[in-house]
Amino acid sequence: MVFLWSYLRAGKMINKPLVLTYLCLLIYILLSSGVILYNKWVLSHKYFNFPFPITLTMIHMGFSGLVAFFLVRVFKVVTPVKMTFEIYATCVVPISAFFASSLWFGNTAYLHISVAFIQMLKALMPVATFIMAVLCGTDKARLDVFLNMLLVSVGVVVSSYGEIHFNIVGTLYQVTGIFAEALRLVLTQVLLQKKGLTLNPITSLYYIAPCSFVFLFVPWYLLEKPVMEVSQIQFNFWIFFSNALCALALNFSIFLVIARTGAVTIRVAGVLKDWILIALSTVIFPESTITGLNIIGYAIALCGVVMYNYIKVRDVRASQLPPESIPDRISKDWKLEKKSSDIYVPNNNNNTGGNISASELNVDEEAPLITSSRLSHVGRTQTSK
């Protein structure tokens, strides 16, 4: 036994980086699913019964901003970037506004529709991102991508038709949140990346969370504050603290996953997480019922999403290959893929290697904060491990 342990520690039977990568992926999937189910449980009138999604989102933003303030200003874990008023007003403010909107609308959808159906609707995210990118001029209209988007849309329509507890209000909230998130991703690419501004997870919290909190304050004051004054609501400190802490942990887990993997792995993990979450939601929330038509429609949509992911990853890889060495690089990449690894190994000497732009990466919209992947090309801020 001692010999076996020594052998394992020597790394001759286990690829330690590979194990750590899968561990990060597992943590991400668990935290992402946990935050979504936790939010649903808190907001649902059948369970904790706190039907105030804006308030819950503001708690996340306030907690995140406070943590970031202490890390940056008190403990000085990281140094804040040089943020001018012009950059803050023209870049951070509009991005924060759409970020706050996406969280507001997304959390409000939990009041009306099931977690399973929400995850099915999220298959529309590539469609929304593609439409916004074309409208903003960061992407070109292409027939192959358009056909994939059409397939995804048909699948979502079929899934919606099969939803037993279909609610038009909840569906509109979720779809609006998806398009707000898509516009935020595109604006991130257009505004921040073109200015060369890079933010790590902590500085992202520091700048984005307080601004998002302010944007949420206005609808909270007009819509939820009057209701809260006349409602007998229960407020449990530990429930909301643990909820905000889970959301914060999710944000950092996304950063770890992005730092250790490539675009393909992240996208596959996202699809796996959605399937797990759909299955878990039907067990934890018995009122969530999945029909055969739901599954068929979602499967059709996923086919379109997978094909879209393949096209985008292929385009990203092609853009990173020097024209004169494309045949050699294709052969080399094929051999590497055969060996194993979709593991991302940072290369500080080549800033183009491994870059994933915000619009190319479908990061978890449930994270209450914006990680560096959402604000800049990851490759610009990689550190050696």
Side-chain angles (χ1 to χ4, degrees), residues 21-41 44 106-107 109-110 113-129 148-149 151-166 170-171 174-175 177-178 181 246-247 249-250 253-254 256-258 260-313 342 360-367:
T21 298
Y22 284 131
L23 181 61
C24 289
L25 286 169
L26 177 62
I27 292 173
Y28 156 69
I29 291 173
L30 292 176
L31 283 173
S32 179
S33 302
V35 168
I36 293 171
L37 295 172
Y38 204 167
N39 286 349
K40 173 66 174 180
W41 182 82
S44 177
N107 282 335
Y110 289 123
I113 53 181
S114 68
V115 171
F117 186 49
I118 285 175
Q119 295 307 119
M120 294 176 187
L121 289 175
K122 285 179 182 177
L124 284 172
M125 189 65 198
V127 178
T129 305
N148 286 335
M149 298 301 96
L151 185 62
V152 172
S153 301
V154 169
V156 172
V157 169
V158 172
S159 181
S160 301
Y161 184 78
E163 177 65 16
I164 294 177
H165 305 292
F166 181 80
T171 303
Q174 182 59 40
V175 172
I178 288 172
E181 172 71 1
C246 289
L250 170 60
S253 74
I254 293 173
L256 289 175
V257 169
I258 291 169
R260 299 196 65 87
T261 66
V264 175
T265 304
I266 297 170
R267 291 170 184 272
V268 171
V271 173
L272 177 63
K273 184 261 298 183
D274 288 341
W275 279 110
I276 292 174
L277 191 53
I278 290 172
L280 279 177
S281 66
T282 59
V283 175
I284 297 175
F285 306 112
E287 68 275 10
S288 298
T289 305
I290 299 178
T291 66
L293 206 53
N294 278 144
I295 296 175
I296 293 172
Y298 188 52
I300 294 173
L302 276 186
C303 289
V305 171
V306 170
M307 292 169 64
Y308 171 78
N309 288 343
Y310 170 77
I311 291 173
K312 301 307 288 184
V313 171
D342 196 24
E360 300 296 339
L361 183 62
N362 187 14
V363 292
D364 201 312
E365 65 278 8
E366 293 300 329

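For reference, positions follow the sequence shown, starting with 1.
- Residues Lys122 and Asp274 form no side-chain contact, since every pair of their non-hydrogen atoms from C-beta on lies 4.5 Å or further apart.
- Contact check for Tyr308 versus Leu151: no side-chain heavy atoms found under the 4.5 Å cut-off.
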Just distance, no hydrogens or angles: give the donor-acceptor pairs under 3.5 Å from side chains in residues 157-166, sequence neighbours left out.
from, atom 1, to, atom 2, distance (Å)
Ser160, OG, Val156, O, 2.8

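- Taken from OG in Ser114 to CG in Asn294, the straight-line distance is 8.0 Å, to the nearest 0.5 Å.
- With rounding to the nearest 0.5 angstrom, the CH2 atom of Trp275 is 11.0 Å from the CG atom of Leu272.
- Between Val115 and Ile284, every side-chain heavy-atom pair lies at or beyond the 4.5 Å cut-off.
- Between the side chain of Ser281 and the backbone N or O of Ile278 there is at least one donor-acceptor pair closer than 3.5 Å.
- The distance from the CG atom of Leu30 to the CG atom of Leu26 is 4.5 Å, given to the nearest 0.5 Å.
- Residue Asn39 forms a side chain to side chain contact (heavy atoms under 4.5 Å, CB included) with just one option from Ile36, Leu37, Val35, and that option is Val35.
- Atom CG of Leu124 sits about 13.5 Å away from atom CD of Glu181, to the nearest 0.5 Å.
- With hydrogens and angles ignored, the 3.5 Å screen pairs no side-chain donor or acceptor of Ser32 with any backbone N or O of Tyr28.
- Between the side chain of Ser253 and the backbone N or O of Leu250 there is at least one donor-acceptor pair closer than 3.5 Å.
- A distance of 9.5 Å separates CG of Leu302 from CE of Met120, quoted to the nearest 0.5 Å.
- A pairwise comparison of heavy atoms in Gln119 and Tyr298 identifies O-CE1, 3.9 Å as the closest pair.
- Among the candidates Leu25, Leu31, Ile29, the single residue satisfying the side chain to side chain contact (heavy atoms under 4.5 Å, CB included) test with Lys273 is Ile29.
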